[in-house]
Amino acid sequence: MALRLYNTLTRSIEPFRPAHPPRVTFYSCGPTVYDFAHIGNFRSFLAADLLRRYLEFSGYSVRHVMNMTDVGHMVDDEAADGGGPDKLEVARQRLLESKKAGTLPAGVDLDPSDPLAVGSYYADAFLADARVLGLKVASEVQRDPRLMPRPTQYIAQMIALTQRLIARGHAYVAADGVVYFDVQSFPEYGRLSGNTLEQLRSGAGGRIDEANQAMKKHPADFMLWKPDPTHLMRWPSPWGEGYPGWHLECSAMALDLLAGGDQPTIDLHSGGEDNIFPHHECEIAQSCGATGQRFFARHWFHPRHLFVEGEKMSKSKGTFLTLRDLLAAGHGPAAIRLELIKTHYRSNANFTFQGLRDTERMTARWRAFVERGEASASDRPADESVVGEFAEAMDNDLNIAGALGAVNKWIGGVEEPSRADAALMRRLDGVLGVLERPEQADAALLAALGVTPQRQEVDAARVEQLLTDRRAARAARDFRRADAIRDELAAMGVEIKDSAQGTTWSVRRP
RNA sequence: GGCCGGAUACCCAAGCGGUCCAAGGGGACGGAUUGCAAAUCCGUUAUUCGCGGGUUCGAAUCCCGCUCCGGCCUCCA
C-alpha cells in the first residue's frame, strides 16, 4: 500500500518515491500578493495541503515550502518580458483609494506609498485566510519563516543563479542589456509541457512584441534579469539596476531552501495547471541548467482550475470569489474547506452555492458523529477497516471521492458512536482537515479579517421574547398563534428546532 | 494547429476486466418521530454506464471509429 500519484512530467500515474524517505521535500508555487486570494487560488493550495497531509498520514516527514510572490510583475504581459504598469503599483493605487474612501478595514495602518508594505498587507491577508482554511504551512511559518519565503528576500540568490547560468552557457546578455535564458542550450526544454521549440517558435508569431523578439536568439528565450532604472521595485546587479525575471524566484528559493547538500533535486513541486507552461518549464530549465542535474523536481503536481457556477474565473476578469466573500455570506470554514477539496484535483471543480450547501450537511453530520462519540460512555473499539478503505482510495492518485465515500459509509453504519469512533474520525480528519476547522466563523474571526457579515445581526432579545410567547401559546395549545410566531421568526431569518430539551434557534444560512 | 483531460441516475460523483442487476453525498418520494414543522432515523430512487463496432467465457472498465464537452499553448492557482 503506497501512494501512486500522477506526475505531469511523465504524464502517468506512478509510485511516489522520495529520494530520502521518510523525508519529503515539497515546493509549492504560492500566491502573488497584489490582491486578496480567491477561492480558485485556495483550491490549488488546498490540494497541495491535502497531498502533504496524506503524505504525513502515510508516515512521511514533509518539509513544505510555499512562496509568496511580492516582486512587482507587469500587468501587460502581451510582452512576456514586461510592459504596462506594475501589478504592485496597481494594487498600491487601489489601496490608496480605499484609504481615501475609508473602506480599509479598521485597524489597518498602511503606508500605500511603500510597495513592500502593499505586498505585506496582502501577504498577511493571505496568511490569515490560509489559516482559516487550515493550510498547514501557513501555521508552521509562524515557527519557521523560511517556509514561506518572499522573492524580495532572495534577490542575491537570483543574481547568483543568473551568473551561474551565464557561466555555464545557458544565458546571455542581449543587445538591449537584458539577460535571457538560451532555450536552445537546453534540449530538455518542453519536456514538462509537451511543447517543442519548433512549436513554440511557430506559435509565437503575432503574440510577441517584435522589437523585443529581435533581441533574442529564439522566441522562447525568457528573461532572467531586466535592467530598468524606472521600475517600481529594483535592485543593483552586475547588469545594472533592475529586476529579476518572473520564473527565477522559484528556482532560487527551491534550490536554496530544499535542495541543498546531499539532495540536489526536490521530491515534489506543485502549482496551478496554468503554471505548467511557461513557468515550470522555465524553472526546470533554470534549475537544471544551473545544477547540471537531470531533474529539478522529480514529481510534478498540478491541480486543475476551479470554476464558479459553471463560469471560468480569472483574476484579470475580476470574476472571483474570495474566502472573505463566503464568510460574509455566512458560510463556515469547515464546509468551505471540504467543498474546495472534495473534487479530484485533476478535474476542473465547479464551485456552486448548492454544492456548498450539500457539503454543509455532510460536515454537520460528521461533527454530530464526533461530538456524540466524544460524549459517549462506550468503550467499544472502532472498526478500523475504514482506515484501509480510506487509504486505498487516497493511494490511488488522491481519490478523495472514494475516500469520502468510505468515511460516509462507515459513519452511516455506526449506530451509536463510541469514544474510539470519534478518535478514529479525528485521525482521518487529520488528512481532510475539516472538523478541525470551526463550523462557523465567529464574530472575533470575522472582525480579525475585516469581514462584515452580509446578514443583519438578528436581535437575540427579540427572538427570545418571541420564543417565550410561542412556548406560552403552545402550552395553551394555541397552535395557530405558535405557528404564526414561527413564521415571524422565519421572516427574520431565524430557524427553530423543538426538542425534548426545549427550543433552540439559529440564523438561517444563505 | 499542437498537447492533455472528460462523457456514469434529477445534481455532484466513485468505479481501472468477474465479488457491479454500479460506492458515497445532495435532492425527491414513502414511513417513524412531531400538535404541525425543523432536525434525526428507516426505506425507495441507474437491468445500466455518450453513440457504433470489436477483443474476451465475461467490459462502465481493454481496442478501433464517431459525436459532444473542457483545459493549456508566454495575465492567471
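Throughout, protein chains are lettered first and strands after them, A, B, ... in sequence-line order, and every chain is numbered starting at 1.
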Just to confirm, is there a sub-4.0 Å distance from OP1 or OP2 of [N] to any side-chain nitrogen or oxygen of [X]?
X	N	value
A/S499	B/U40	no
A/N408	B/G24	no
A/K312	B/C72	yes
A/R361	B/G27	yes
A/N399	B/G15	yes
A/R365	B/G26	yes
A/N396	B/G15	yes

Which of these nucleotides, [options], is closest to any side-chain atom of [X]?
X	options	result
A/D483	B/C4, B/G35, B/A77	B/G35
A/A401	B/A23, B/A77, B/C36	B/A23
A/E273	B/G71, B/A37, B/A77	B/G71
A/K497	B/A77, B/C36, B/A39	B/A39
A/K409	B/A77, B/G24, B/G5	B/G24
A/W246	B/G5, B/C76, B/A37	B/C76
A/D358	B/A77, B/G71, B/G25	B/G25

Name the pairing partner of [N], where a pair is Watson-Crick or G-U wobble with both distances under 3.5 Å, or state none.
N	answer
B/C36	none
B/G70	B/C4
B/C76	none
B/A28	B/U44
B/C62	B/G54
B/A9	none
B/C20	none

Q.
Using side-chain heavy atoms (C-beta onward) and a distance below 4.5 Å, is A/H64 in contact with A/S28?
A.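 Side chain of A/H64 against side chain of A/S28, heavy atoms only: contact under 4.5 Å found.
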Given atom [atom1] of [X] and atom [atom2] of [N], what is their separation to the nearest angstrom?
X	N	atom1	atom2	answer
A/F277	B/C76	CZ	P	12 Å
A/L398	B/A14	CG	P	13 Å
A/Y34	B/C75	OH	P	14 Å
A/Y345	B/A13	OH	P	17 Å
A/L404	B/A23	CG	P	17 Å
A/R477	B/C36	CZ	C1'	11 Å

Using the [atom1] atom as the reference point in each nucleotide, state the distance between [N] and [M] in Å, no decimals.
N	M	atom1	result
B/G1	B/G15	C1'	35 Å
B/A14	B/C62	P	15 Å
B/C12	B/G6	C1'	15 Å
B/A22	B/C66	C1'	26 Å
B/U45	B/C63	C1'	35 Å
B/G18	B/A23	P	15 Å
B/A60	B/C36	C1'	46 Å
B/A9	B/G27	C1'	12 Å

Q) Strictly under 6.0 Å, is that where the ring centroids of A/F42 and A/F126 end up? A)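 A/F42 vs A/F126: aromatic centres under 6.0 Å.
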Q) Hey, do the aromatic rings of A/H218 and A/Y180 have their centres closer than 6.0 Å? A)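 Not under 6.0 Å, so no.
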Looking at [X] and [Y], would you say the former's side chain and the latter's main chain have a donor-acceptor pair under 3.5 Å?
X	Y	result
A/R337	A/G433	yes
A/S251	A/E283	yes
A/H269	A/F296	no
A/N275	A/H280	no

Just to be sure I understand the rule, does [X] reach a base, reach only the sugar-phosphate, or reach nothing, if contact means heavy atoms closer than 4.0 Å?
X	value
A/R486	base
A/Q354	sugar-phosphate
A/R474	base
A/G355	nothing
A/I276	nothing
A/G272	sugar-phosphate
A/F126	nothing
A/R191	nothing

Q. Is a donor-acceptor contact shorter than 3.5 angstrom present between the side chain of A/N348 and the base of B/G5?
A.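 Side chain to base: no pair below 3.5 Å.
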Q. A/H38 stacking on B/A77: centroids under 5.5 Å, ring planes under 30°?
A.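 It does not: the two rings, one from A/H38 and one from B/A77, miss the stacking criterion.
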Q) Can you tell me if A/T69 and A/N67 form a side-chain donor-acceptor pair at under 3.5 Å? A)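 Short answer, yes.
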Q: Before accepting this row, confirm whether a basic side-chain N of the pair A/K342/A/D358 lies closer than 4.0 Å to the acidic partner's carboxylate O.
A: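 Salt bridge flag = no for A/D358 with A/K342.
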